[in-house]
Structure formats: C-alpha cells, structure tokens
Amino acid sequence: MTLEKNTRSNRVIDHIKGKKGGPTVVFFGGVHGNETAGVFALKNVFGEIRSQKTQVNGELYAISGNLGALESRQRFQDEDLNRIWLPERIERIVINNEIHHNEENELNQLYLLVQDILKKSNPPFYFLDLHTTSSDTSPFIVLNDSLLNRKYASNYPLPIILGIEEYLKGALLSYINELGYVSLGFESGRHDDNKAIKNSIDFIRYSLTLTQSLDASGREVKRLMGEIAKSSKVSQKFYEIYHQHDIEPENDFEMYPGFANFQMVPKGTNLALVDGVALKATKKRQIFMPLYQKQGREGFYFIRPIPKTWLWLSKKLRRFKVDHILVKLPGVDWETDKKDTLMVDQRVARFFTKSFFHLLGYRARKLDKNHLVAKNRESASKHEEYTKTLWFNQ
C-alpha cells in the first residue's frame, strides 16, 4: 500500500448488492482531494470482497467525493466541498441548476447520488466519511451529537468528538444527519502517512461487521476491534469542541511546528503566527486539528473531555423532551411551527448558554448580539429504522 498510487476513479468506486434484508452502508473517500487514504482503502476492501466472493447482506457503496481535487491532489479546486452543504446552496445548485464552479458541480452529482440511494435501497442506512488530517494524530471519530449517532459510535474503541457541526458549517455529514440517518466521520491519520490507509481498512472492515453487512465470528470481530484500539494512542472517550480559531481571508496564518491532535499545551505556549504576531495559549489547553496545510479556514480547535455524568444527564433530558417546557419561559420561543428550533432572547433568558442547549440535544449559534438560535439534533433521527440491529440493542 502506498500513497503514491493513482487516485483517478469513478464517482462510484464500487457498488455491491448482496442478500435482501441487510443494511445499506455508504462510504465516502476523498471529499477533500488531498486526503487519499480513504479512496485507496475502499478499493482494497471492496476488491477483496469481490475476489473472495464474500457474502454481503444488503448493499455497500464506495463513493469518491471530490473527483477533480483528487486528480490534482489538492484539498479543493475553488471552494471546500465539505463546507457548502447548506440548504440555500443546495436549493440554488440542485433545484435551480445554478452552478458557479467545480465544487458546486461535485455537490450536485453527490446530492443526486445520495438521493437515488435513499430512494432505491433499503434501511437501515449508514453514511461513513473517511478523512485524514494535516497534523500527526491518533485515529478518532467526529459526529453530530444525536443520541443515535452517539450510540452507534460508542462501539468503536476510539476517541469521539462531539459538536463539530457548530463550527464546521455546511459539512456533508451534517446534511445527511439532518435527514435522520447514522452518519460519522473517521480520521485515520496524517495525510502522507501510509498507516492512514491501514487504519482506514481496519475501520471499514469493522464497520461492515458492526452493521452486519458481513458475517464474522466473535473472534474476528474481537481481532478487528483490537487493531483499531491499537492504532490509537488516545483512549475511548467523548470530547467536545469549545473553541475554533478562524482564519480571516486577509490573515497571514502559520502554525508553529510540532503540534499533534489531543496534545495538552501549557499556558503561554506559542501556537501560531498571525500576521507576524505570536498567538499564545492563555491557559492550559488541549489542542485539536492544528492546521498544517495551505488551504483551510480553521486554524485549530480546543477540546475537553465530557464527564460521563454530563452524557448521562443529556440522554435523560432529551428523552423527556425538556425543551418543550422551555418555551413556556420568558424569552424562549419556537422559531417555526416545526418546533425543532428555539429562538432565545438572552436579554431576558440570560442563564441559557450554549452548553445548556447541548444538554438538550440542540446546536446553538449567535444570531445577533441579543439572540441565540438553537436547532434540535434529535427531532429528525430515524431511531425506528435501527431498533432491530444488534448494536442498537446491546
């Protein structure tokens, strides 16, 4: 296996249709064109399934994300494909057929393909997006924080990052998660590290056993879990992102060398040069996804572990739908009749913070100086499609 292989491929790398009654599992690779490990891994695993004539339950898809960027080995051509999956953009591109550049054309093709899969294939659906990072990293999982996603992801012996959709607007998986399906991203290693391919292969194989797409003995499942656990230097734990450093178009940004994901940095540490001025950590921080590439608008993040009691409490509050009581309080109203988005006037409801809404299953953003808009992550989840799966009932 080598990262020097040719990345040229069709939109659908492979599609394997097996016995009826199984799930539909969709893998994406190369949504960013400089992240090739997932494409190589998908070709390897799907090729092995075909050559060994392995029995498949349901349907499997391996999909290339940004074909043009993959061919040129750059993150994107005109605009980050993983930042434009926004309702207004999708309507303009797909419905109105107003396509302005390469990535909008890629979105149009991917959108139509995903809709075709949802129309023609059978539930339960799983959407798994394979990525790599520009910095050294232990493999990890990122996801939108719905209870359905949490429950599924907790089966992987890896650190899990919640809430990234509050910071990365317009991600492909956020769009899919808002349709109600299990969806998560797997970061397998550094872009140019051959281990990233091996980690992706193990992740794909284990995911196929977890979703019961492939039958496997208990021994084989245990072996695959062991390989995934061995790949990570960070124990299985839930983390939340609480800060993103944005790079403005006019900024000259350069990360100081040597930072790795999940690294603790002391107060006063030089993190980056911004317009020639050193940006320092104001207190002890845990750094996440420091930017070591030319393209990208997110300089780095800060993360922190989420206490188990907090996770337990959020699960209980969401199931009891405490949010429906909040609208009886001053300063809190439903934004629309759909009752999935809250409008909060913080001049009145001062004590409602982002972290409080996270407990209730909402992602929150500032609308203006005085108002917070919080959208429910749980309302769309199609729990009923997964209730007969083995992992759901464990």
Side-chain angles (χ1 to χ4, degrees), residues 31-32 34-35 75-76 80 82-83 85 129 131-145 149-150 153 158-174 177 184-191 196 232-249 251 253-274 278-307 310-311 353-355 357-358 362-366 377:
V31 170
H32 291 133
N34 61 333
E35 301 177 19
R75 184 177 173 86
F76 56 85
D80 194 328
N82 213 29
R83 302 291 184 272
W85 292 81
D129 193 7
H131 285 269
T132 51
T133 65
S134 64
S135 60
D136 286 327
T137 190
S138 289
F140 62 90
I141 285 171
V142 292
L143 49 80
N144 286 24
D145 182 21
N149 267 348
R150 257 198 228 175
L158 293 168
I160 301 165
I161 312 297
L162 302 181
I164 198 166
E165 77 276 14
E166 280 195 344
Y167 298 92
L168 297 186
K169 303 294 192 301
L172 167 62
L173 288 184
S174 290
N177 194 239
L184 59 82
F186 173 62
E187 303 277 357
S188 64
R190 196 180 67 239
H191 297 331
S232 179
K233 299 174 185 176
V234 183
S235 60
Q236 184 188 41
K237 191 181 292 184
F238 283 92
Y239 293 83
E240 67 169 341
I241 296 172
Y242 66 92
H243 172 76
Q244 172 184 292
H245 179 79
D246 294 310
I247 303 173
E248 299 301 329
N251 285 157
F253 179 91
E254 183 180 357
M255 201 80 202
Y256 277 96
F259 291 110
N261 275 331
F262 301 97
Q263 179 181 339
M264 296 298 303
V265 296
K267 178 181 177 179
T269 301
N270 288 333
L271 300 173
L273 278 173
V274 182
L279 180 65
K280 298 177 182 290
T282 57
K283 60 173 68 174
K284 186 179 180 182
R285 306 285 193 182
Q286 190 164 15
I287 200 164
F288 181 64
M289 293 184 74
L291 184 69
Y292 287 111
Q293 59 193 17
K294 292 181 179 179
Q295 292 177 310
R297 295 285 302 277
E298 301 85 28
F300 57 83
Y301 300 89
F302 293 141
I303 59 173
R304 58 193 168 206
I306 304 173
W310 191 262
L311 292 167
T353 62
K354 277 190 175 186
S355 58
F357 284 110
H358 292 169
Y362 282 77
R363 67 174 184 272
R365 63 178 175 83
K366 276 281 188 183
R377 292 171 171 130

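Quantities reported herein were computed from a predicted structural model and do not represent experimental measurements.
- Rounding to the nearest 0.5 Å gives a distance of 15.5 Å between CZ of F238 and CH2 of W310.
- Nearest heavy atom pair, residue N261 against residue P290, reads OD1-CD, 3.6 Å.
- In this structure E187 satisfies the salt bridge (charged side-chain N to carboxylate O under 4.0 Å, His left out) test with no other residue, sequence neighbours excluded.
- Remark: D129 engages no residue in a salt bridge (charged side-chain N to carboxylate O under 4.0 Å, His left out) (not counting sequence neighbours).
- Put simply, NE2 on H131 and CE on M289 are 8.5 Å apart, with the number rounded to the nearest 0.5 Å.
- Take Y242 and apply the side chain to side chain donor-acceptor pair (under 3.5 Å) test, not counting sequence neighbours, and it matches R285.
- Between N82 and L168, every side-chain heavy-atom pair lies at or beyond the 4.5 Å cut-off.
- Contacts of R363 classified as salt bridge (charged side-chain N to carboxylate O under 4.0 Å, His left out), with partners at least two apart in sequence or in another chain: E178.
- Listed by first and then second residue, the salt bridge (Lys or Arg N to Asp or Glu O under 4.0 Å) pairs that reach into residues 131-141 are D136-R190, sequence neighbours excluded.
- The 12-atom threshold is exceeded at NZ of K169, counting heavy atoms of other residues, nucleotides or ligands nearer than 6.0 Å.
- For E166, there are no salt bridge (charged side-chain N to carboxylate O under 4.0 Å, His left out) partners, not counting sequence neighbours.
- Summarising the geometry of S232 relative to P159, their closest heavy-atom pair is OG-CD, 3.6 Å, with the distance given to 0.1 Å.
- Qualifying side chain to side chain donor-acceptor pair (under 3.5 Å) partners for K280, counting only residues two or more places apart in sequence or in other chains: N270.
- The ring-ring contact (aromatic ring centres under 6.0 Å, His included) test applied to F76 returns no partner, not counting sequence neighbours.
- Within the 4.5 Å cutoff, the side chain of R377 has heavy atoms near those of the H358 side chain.
- Atom OH of Y239 and atom NZ of K237 lie 4.5 Å apart (nearest 0.5 Å).
- Closest approach of A260 to Q263, counting heavy atoms only: N-OE1, 2.9 Å.
- In terms of the ring-ring contact (aromatic ring centres under 6.0 Å, His included) criterion, Y301 has no residue partners (sequence neighbours excluded).
- Under a 4.0 Å N-O distance rule, the pair R150/D145 qualifies as a salt bridge.
- Remark: T132 pairs with H191 by the side chain to side chain donor-acceptor pair (under 3.5 Å) rule, at least two apart or across chains.
- Residues passing the side chain to side chain donor-acceptor pair (under 3.5 Å) test with S174 are N144, sequence neighbours excluded.
- In this structure, the ring-ring contact (aromatic ring centres under 6.0 Å, His included) partners of F302, at least two apart in sequence or on a different chain, are H243, F300.
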